[in-house]
Each structure stands twice: as C-alpha cells, then as structure tokens.
Amino acid sequence: MKKVFVLILLFSLTGCAAPTSVPNTENTQTDSKIQDNAAEIQAEDSDSVNGSVFSLSGKSQNVKDTEKQTNTQESKTKHKKEHANVSSSTTNSLKDTEEPHKHNWKQQYKTVYHEPVYETRYVIDETAWDESIPIYEMREHVICNVCGNDLTVLGSAGISDHLKQHSLRGEGGSWRSEWIQEVVNYEVIHHPETGHNEQIVVQESFEEKVPDGMICSICKSTK
C-alpha cells in the first residue's frame, strides 16, 4: 500500500509541474525533497518487505525442521516395529524348528486330609435284671427231741414212725413244736437297662495322597 501511495504522490506532483515552462527554483527544490522522501519510503518498504520475507522464510524453515524431526521419529518407530516383527518372527521360526519330543508323563499327587468320623452310640451302663425278694411267714415245725431233726415234712404218719423207732431202741420217743420264719414266696422286681449316648470315633483322622494330574518332565506340559 505504501508503494502505491508513493507512486500516486509522485505522479500527482510531476503531473502538476509538467505544463509549467518557466523554471522555478522553489519547485525544483521541492521536487528534489519529494524524490528524496519517496526514496526513503521506498527503502523502508523494501526493508519491511525483506523482513517479512525473512520472517516467512524463518517460519518455513521451522516448519521444515519440524517435518524433518517428525519424519525422523516416524522412521525410528517404524524401524523399532520392523525389528520387533523380525525378532518375533525369528522366535516363532525357532519354535517351529524345535524338534518334537515324546512326552514323559509323571503322575502328580496331592495330600488330602480326612477329618475323624464320629457316630452317636448308646452305651449300656447296666443290663436289665430281675430281683427276687423273699416273702417270709412264721410257721410251726415238729422237731424230734432225740435227734433234733425237723419232722414237719414227714407228715403225721411219718412223725409217729420216727418216734417209734427211737422208742424201740430205748431212746425214748418225744417231739416238740417250734415256730420258724420261712420263705413262703418271692416278689420279683424288674430293673430296666440303664445307659447313655456318647460320641464314638468310628474312623480316625488320616492323610491320603491322591492323584493330581500328570506333568511332562521335559516340557512341563500338564494334563
């Protein structure tokens, strides 16, 4: 814009001065000053334009540097990925080329603890039993005075015959009566069984080794 303004100004001034034929020293000096001012303005515009160009050039350079750094970083990342892919491919290739083997399976075991087993049982403290209690009565008995035997069970005839035999032998024959307590019957009392419940160990606690899968001693695979 400054360039255009200066050119218009010069054109206006020179256009106005052209028709005049009489030389004018004042005008000449004015034209000279105007030309000098125009030259200074043009120089300033040139410096401004050059500064703008330099600034744009610097920005362009910065953009180029940033793009270069970005491209370098992307190149490094790509290189790392390619290296990782190569390593992975090499590892897989090595796995594929490993010689297959026949599994050597070994039985594995684990220890299982078994709690003791209890059972409630009735324990007999005393078995059932019957108790016989005698019933007593006072009864009369015939006792021989010679030999002292109880003649009650012989009855009347037996008692007479017994006493006669003593008489024939010259021992005399007499008897006496005695009241004796004797058992005439029994009372039976039944005593039931007595006991109690208690916890009885029917199986003690123990540890048991049980199978727990198999493992290959070579590759450590399990099944």
If I take atom NE2 from residue His141 and atom CG from residue Asn149, how far apart are they, to the nearest 0.5 angstrom? 13.5 Å
NZ (Lys209) and CD (Gln108) are apart, to the nearest 0.5 Å, by 11.0 Å
So, do Tyr118 and Val201 sit near enough that their side-chain heavy atoms are less than 4.5 Å apart? yes
Just checking, is any N or O donor in the side chain of Thr120 or Gln199 under 3.5 Å from an acceptor N or O on the other one? yes
Could you pull out the closest heavy-atom pair between Val142 and Asp150, with the gap in Å? O-OD1, 3.1 Å
Can you tell me if Thr222 uses its side chain to pair, donor with acceptor, with the backbone of Ile215 under 3.5 Å? no
CE/Met138 to CD1/Ile180 distance, rounded to the nearest 0.5 angstrom? 8.0 Å
Donor-acceptor under 3.5 Å (Glu137 side chain, Gln181 main chain): no
Heavy-atom pair with the smallest gap, counting every atom of Gly213 and Gln107: O-NE2, 2.9 Å
For a quick check under 3.5 Å, do Glu126 and His191 share a side-chain donor-acceptor pair by atom type? no
Does CD belonging to Glu131 count more than 12 external heavy atoms closer than 6.0 Å? yes
Without placing hydrogens or testing angles, list every side-chain donor-acceptor pair under 3.5 Å for residues 168-176, not counting sequence neighbours.
unit_1 : atom_1 : unit_2 : atom_2 : d
Glu171 : OE1    : His166 : ND1    : 2.6
Ser174 : OG     : Asn145 : ND2    : 3.0
Arg176 : NE     : Glu178 : OE2    : 2.7
Arg176 : NH1    : Asn145 : OD1    : 3.0
Arg176 : NH2    : Glu178 : OE2    : 3.2

Can you give me the closest heavy-atom contact between Ser132 and Tyr186, atom names plus distance? CB-CD2, 4.2 Å
Could you check Phe206 against Glu208 for side-chain contact (heavy atoms from CB on, under 4.5 Å), going step by step and ending with a plain yes or no? CA-CA 7 Å; Phe206 67 97; Glu208 179 186 13; 4.0 Å; yes
Atom OH of Tyr122 and atom CD of Glu198: how far apart are they, to the nearest 0.5 Å? 11.5 Å
Is the closest side-chain donor-acceptor distance between Thr111 and Glu207 under 3.5 Å? no
Minimum heavy-atom distance Glu140-Thr152, with the two atoms named: O-CG2, 4.0 Å
Using the rule side chain to side chain contact (heavy atoms under 4.5 Å, CB included), only one of His103, Lys223, Lys106 pairs with Met214; which is it? Lys223
Can you tell me how far CZ of Arg139 sits from OH of Tyr136, rounded to the nearest 0.5 angstrom? 13.5 Å
Should Arg121 and Val202 count as side-chain neighbours, where that means a heavy-atom distance under 4.5 Å? yes
Within this structure, what is the CG-CD1 distance for the pair Leu151 and Ile143, rounded to the nearest 0.5 Å? 7.0 Å
Closest contact, heavy atoms only, Ser205 versus Tyr113: CB-OH, 3.4 Å
